[in-house]
Peer 1: 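Please find one structure pasted underneath; my questions will follow.
Position 1 is the first residue of the sequence; numbering continues from there.
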Amino acid sequence: MGGTRVHCGDLSPLQNFNAESERTMRVLKLILRAMLVMAGASAGMAGAAVDNPNEMANEYITIGDMAKGFSEYNLPQINSLSGKKITLYFGDGEGGFAVEHDFVSDRVLQWKVIAGPEKGASGYSEYIATNPKDGYYYVEFITGSNQAKMVALVLDTRRSIATAVLGHFPKEKDDQLSMYQRSSKKLPLAASRVQILNASIGVPMSKNTARHDLDSKDLVGKRKLYQYSANDAYEHIYHDNNNFSWHCVSGNEKGLADTDYSRIIKFEDNFYMIVWVEKVMHVVSAITLNFDTMRSSGAMASFSEWDYGEVVNVSSGAIIKNLPGVTSKDLELPGKK
């Protein structure tokens, strides 16, 4: 080596460097380990990302698209009303009116107001008709100016009485407020609205005329599954303040859910009709519920497209399944009084 000497000098800086390196390596190892854990967790949670609520609007469908999945399990159209004339009388006072329904075929009827403020008004409509229970007919059609009114009738032939549901749909100019604004103005959240009326068949109403219960609470706390087709099914939960919750568990709207205004009409034990109004899609529905046969039957109506144009109806019926419900005891507060 030619007598060359290597002077190591002070070793403390090298020792400090080594100490820092060890600490750095320990930190890097911890970070790497954490990254591997997170990567594994991410792999295990594939497909479980939180949905963007703005994307939910893309999953709603028009009533025209609903028709593909809501009528498969409905009861068959009947022809036994063809050739009949049925006059319904509403109210027993000054505001009373009467409407004649002439079933000119198994698909078309003529309606005519024969008494009341709109006397003389008339028109022809295609109708949906089923026989949801012995002694009852369900009839539904669209009428009114600009095809903007739904009429659903349940005819109780044994007692010669009926219940009518009139569904009204908004014009675009009348539907400019957000739900937040409607709430601030104490308006219903839904722009569509319904009237539910008792009626008498064939003779004017009187104080002694029997009437269906237009606001039954029998289904409060009940939970049902309605299967409309091989692919489409919805869960319903009935609340005690004229609201119900629907949840699509299978089909075109799978994953969508909401709580909307509803009314339960009772015709007799185990036979009802649910009327509801949807605030997002302006749907008005009137569906009979026969819990003896576990079948529903009726129709729903709304705008045919994403506009405020033509109102169309869709036949709707389902096979019903009971689900565990909620009792008043379940809702008792857990804290001590």
Side-chain angles (χ1 to χ4, degrees), residues 51-71 97 99 109 111 113 116-118 120-128 140-153 164-197 232 234 242-248 251-253 255-263 274-287 298-316:
D51 290 330
N52 178 358
N54 294 325
E55 295 176 356
M56 295 300 288
N58 298 329
E59 299 181 27
Y60 282 92
I61 59 175
T62 65
I63 199 161
D65 292 326
M66 287 182 183
K68 301 169 186 175
F70 278 75
S71 58
F97 64 98
V99 182
L109 64 77
W111 57 270
V113 181
E118 297 183 23
S122 65
Y124 288 86
S125 299
E126 288 190 65
Y127 68 91
I128 293 168
E140 190 269 357
F141 55 96
I142 304 296
T143 187
S145 60
N146 297 323
Q147 295 290 290
K149 183 165 65 177
M150 165 191 172
V151 179
L153 309 172
V165 178
L166 309 180
H168 304 270
F169 303 89
K171 300 296 185 183
E172 186 171 6
K173 64 182 178 63
D174 301 320
D175 190 29
Q176 298 301 307
L177 299 177
S178 68
M179 282 187 279
Y180 181 84
Q181 291 170 316
R182 294 183 70 87
S183 181
S184 72
K185 296 178 182 296
K186 309 302 180 187
L187 296 171
L189 293 182
S192 297
R193 60 187 178 87
V194 291
Q195 295 171 275
I196 305 174
L197 306 171
D232 295 87
Y234 286 72
N242 292 128
N243 284 305
F244 89 116
S245 296
W246 57 265
H247 168 217
C248 181
N252 290 329
E253 293 186 309
L256 289 184
D258 206 348
T259 296
D260 286 309
Y261 171 84
S262 67
R263 188 71 72 88
I274 179 173
V275 177
W276 78 80
V277 182
E278 295 184 22
K279 54 186 174 289
V280 175
M281 297 300 292
H282 299 307
V283 173
V284 174
S285 299
I287 311 291
M300 52 183 64
S302 187
F303 300 111
S304 62
E305 301 294 339
W306 290 97
D307 56 19
Y308 293 81
E310 183 185 13
V311 172
V312 296
N313 53 359
V314 170
S315 174
S316 176

Peer 1: Looking only at side chains, do Thr143 and Trp111 share a donor and an acceptor under 3.5 Å apart?
Peer 2: yes

Peer 1: Would you compute the distance between atom NZ of Lys279 and atom OG of Ser192 and round it to the nearest 0.5 angstrom?
Peer 2: 12.0 Å

Peer 1: Can you give me the closest heavy-atom contact between Gly167 and Val194, atom names plus distance?
Peer 2: CA-CG1, 4.2 Å

Peer 1: Taking atom CD1 of Ile128 and atom CD of Glu140, what is their separation to the nearest 0.5 Å?
Peer 2: 4.5 Å

Peer 1: With rounding to the nearest 0.5 angstrom, report the CG to OG1 distance, Leu189 to Thr259.
Peer 2: 11.0 Å

Peer 1: Shortest non-hydrogen contact from Cys248 to Tyr234?
Peer 2: CB-CE2, 3.4 Å

Peer 1: Would you say the side chain of Pro188 lies within less than 4.5 Å of the side chain of Arg193, judging by non-hydrogen atoms?
Peer 2: no

Peer 1: Just by distance, no angles: are the side chains of Asp258 and Trp246 close enough, under 3.5 Å, to form a donor-acceptor pair?
Peer 2: no

Peer 1: Could you tell me if the side chain of Leu109 sits less than 4.5 Å from the side chain of Tyr124, heavy atoms only?
Peer 2: no

Peer 1: Which pairs with one or both residues in residues 178-190 pass side chain to side chain donor-acceptor pair (under 3.5 Å), sequence neighbours excluded?
Peer 2: Ser178-Gln181

Peer 1: Could you pull out all residues at least two apart from Ser122 that satisfy side-chain hydrogen bond (donor to acceptor under 3.5 Å, both in side chains)?
Peer 2: none

Peer 1: Apply side chain to side chain contact (heavy atoms under 4.5 Å, CB included) to the pair Glu310 and Phe303, showing each step before the final yes or no.
Peer 2: CA-CA 6 Å; Glu310 183 185 13; Phe303 300 111; over 6 Å; no

Peer 1: Looking only at non-hydrogen atoms, find the nearest pair between Ser125 and Ile142 and report the distance.
Peer 2: OG-O, 2.9 Å

Peer 1: Looking only at non-hydrogen atoms, find the nearest pair between Asp260 and Val277 and report the distance.
Peer 2: CB-O, 3.3 Å

Peer 1: Of all residues at least two apart in sequence or in a different chain, which pass the ring-ring contact (aromatic ring centres under 6.0 Å, His included) check with Tyr261?
Peer 2: none

Peer 1: Asp175: what forms a salt bridge (charged side-chain N to carboxylate O under 4.0 Å, His left out) with it, not counting sequence neighbours?
Peer 2: none

Peer 1: List for me each residue that meets side-chain hydrogen bond (donor to acceptor under 3.5 Å, both in side chains) alongside Glu305, sequence neighbours excluded, and say none if there are none.
Peer 2: none

Peer 1: What are the two closest heavy atoms between Phe169 and Ser302, and how far apart are they?
Peer 2: CE2-CA, 3.9 Å

Peer 1: List for me each residue that meets side-chain contact (heavy atoms from CB on, under 4.5 Å) alongside Ser285, sequence neighbours excluded, and say none if there are none.
Peer 2: Trp276, Val283, Ile287, Met300

Peer 1: When you look at Glu172 and Asp174, which way does the side chain to side chain contact (heavy atoms under 4.5 Å, CB included) test go after all the steps?
Peer 2: CA-CA 5 Å; Glu172 186 171 6; Asp174 301 320; over 6 Å; no

Peer 1: Hey, what do you get for CZ (Phe141) to CG (Asn313), rounding to the nearest 0.5 Å?
Peer 2: 10.5 Å

Peer 1: Any chance CD of Gln195 has more than 12 other-residue heavy atoms, nucleotides or ligands included, within less than 6.0 Å?
Peer 2: yes

Peer 1: Heavy atoms only: give me the nearest Ser71-Ser315 pair and the separation to one decimal.
Peer 2: CB-O, 3.4 Å

